[in-house]
Number of protein chains: 2
Amino acid sequence: MKNTIQLTVDAVVFGYESGNISVLLVKRKYEPYKNAWALPGGFVLENENLEQAVERELSEETGVKINYLEQLYTFGDVARDPRGRVVSIAYFGLVKPNAFKLHASTDAQKAEWFNIAQLPKLAFDHKKIVQIAIERLQGKITYEPIGFELLDKRFPFSDLEKLYTTLLGREIDRRNFKKKITSLKVLDELDEKVSKGRGRPGSLFSFNQKRYFQLKKAGIIFEI
Amino acid sequence: MKNTIQLTVDAVVFGYESGNISVLLVKRKYEPYKNAWALPGGFVLENENLEQAVERELSEETGVKINYLEQLYTFGDVARDPRGRVVSIAYFGLVKPNAFKLHASTDAQKAEWFNIAQLPKLAFDHKKIVQIAIERLQGKITYEPIGFELLDKRFPFSDLEKLYTTLLGREIDRRNFKKKITSLKVLDELDEKVSKGRGRPGSLFSFNQKRYFQLKKAGIIFEI
DNA sequence: GTATATTTGCGTATCATATACGCATATAAT
DNA sequence: ATTATATGCGTATATGATACGCAAATATAC
């Protein structure tokens, strides 16, 4: 009676590139939902922790190694999987997409990035899981500087601004946004400048994680 | 290999009464950790959803029926349970403690409320689970009006204020706090007044849930 | 009965922060 | 040389947070 529930992990991994937020999906090799797109994930092994299971499955099915990972939610409805009772612990991850070459194997035929506005039909209850992950991303970005996980180590300020307008889905005043971020002192301005097409060249910035943790310890919140 | 992981739910249920925040615990009847205090909870049955499992276990072990319940976090470290690999989905609940007479049965010898500042030694990793739940409670109360779940239907304003000072662990200006809550228009002022000992009698208030959901839909956040 | 302590209810002054927006500067395209 | 575009810096105004004063209504002490 107790021992018939199976346990899986699934990962909703977001990437960002020049105004595009995408999710990492795999094409299933086996039944059920053979040939359908799904979140990377699979069964938890008895001798590994949950985070290890997610990282292993991600690595196996997509070749991606994650730099930011947190637990999202556990989905356990009785009928969510046709194979029987399967409870899945979903994780939420962020990577810089151009940092990895996708490489599918084991249970996946293919691994691909999909724009979150143009997702294919998804297996199981994965559509719902992605929706909840998107809400988490949008909510979280307003009070924690997780956005930096999606940008290159060194980036022009306009990249950060573009990321925020994309994620929040609304315009933000460029000058006030810069004032706010600058006042937090979590960015280091580098000497180097870059010119992107037209316009005055801008400085490159990098995220000062040390400074951020100091602020966080002191109880200061990052708020947009 | 797949089928040896077992699944449980645990509930961290908070109650509040006149300046005291307490957690509901049960004394274990069987091994492991026989006679130790632990969170109410137990194995998930194959044909019930996770929320149903929590509510069933709470009802069986303590007699409490919950009015506010949300998922907290899933704990899955390999060695967290001496019986083998047991993954537990923890829930977070709020009740008005005087609304129920505690009644232990099945796996519990006893069920009792404990002040969060004076908890006994707990079984498994339940101390950690309680800590995370307390952080969630303190964080959540500043941006969602969950505090009302802990008060009677009709309450004097000073009860709400006391609850917040207790939960936040700091003094708040009584007049500014009232202005802030009043401006949200989520409270209905009733005609009735109560006198608690000395001092001018105050109106009773009730929480207008309908109005709150309207505000929430419109994107307005409750913030202390 | 009168004075005092206590709690409630309502107000206003001040300070900090968010928002709106003006404008000079440095580059690419025409 | 001119125009379009992106950057960098500034200031005025509106909004909201905080500090705090004080009258009203009650219980308690004398």
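Reminder, nothing fancy here: chain letters follow the sequence lines and each chain counts from 1. When reading the values below, keep in mind they use all heavy atoms of this one structure, side chains included, and skip hydrogens, waters and symmetry mates.
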From CZ of Phe157(A) across to C1' of dA6(D) the rounded distance in Å is 14 Å
Taking dA27(D), dT27(C), dT7(D) as options, the one with an atom nearest any side-chain atom of Arg198(B) is dA27(D)
Under a 4.0 Å threshold between the charged nitrogen and the carboxylate oxygen, would Glu55(B) count as salt-bridged to Lys65(B)?
no
When rounded to whole Å, the CG to P distance for the pair Leu160(B) and dT8(C) reads 12 Å
Comparing nearest nucleotides in DNA chain C, the 5'-proximal residue of the pair Lys193(A), Phe205(B) is Phe205(B)
When rounded to whole Å, the CZ to C1' distance for the pair Arg200(A) and dT27(C) reads 9 Å
- prompt: So, Lys27(A) and Asp107(A), do they make that salt bridge, N to O below 4.0 Å?
  reply: no
Each nucleotide of nucleotides 10-18 of chain C classed B (base within 4.0 Å of a protein heavy atom), S (only sugar-phosphate) or -, in 5' to 3' order, makes BBB-----S
Exercise. Quick one: is dT8(C) close enough that its OP1 or OP2 comes under 4.0 Å of any side-chain N or O from Ser203(B)?
Worked result: no
Measure from NZ or CZ of Lys178(B) to the centre of the six-membered ring of Phe157(B) and say whether it is under 6.0 Å with the direction within 45° of the ring axis. yes
Item to complete: Kindly confirm or rule out a cation-pi arrangement of Lys96(B) over Tyr16(B), judged by NZ or CZ under 6.0 Å from the six-membered ring centre and within 45° of its axis?
Response: no
Asp159(B) CG to dT7(C) C1', in whole Å, measures 13 Å
Exercise. So, the side chain of Ser206(B) versus the backbone of Lys153(B): is there a donor-acceptor pair under 3.5 Å, distance only?
Worked result: no
Q) Quick one: does Thr62(A)'s side chain have a donor or acceptor within less than 3.5 Å of a partner on Ser59(A)'s backbone? A) no
Atom CZ of Phe177(A) and atom P of dT7(D) are separated, to the nearest Å, by 12 Å
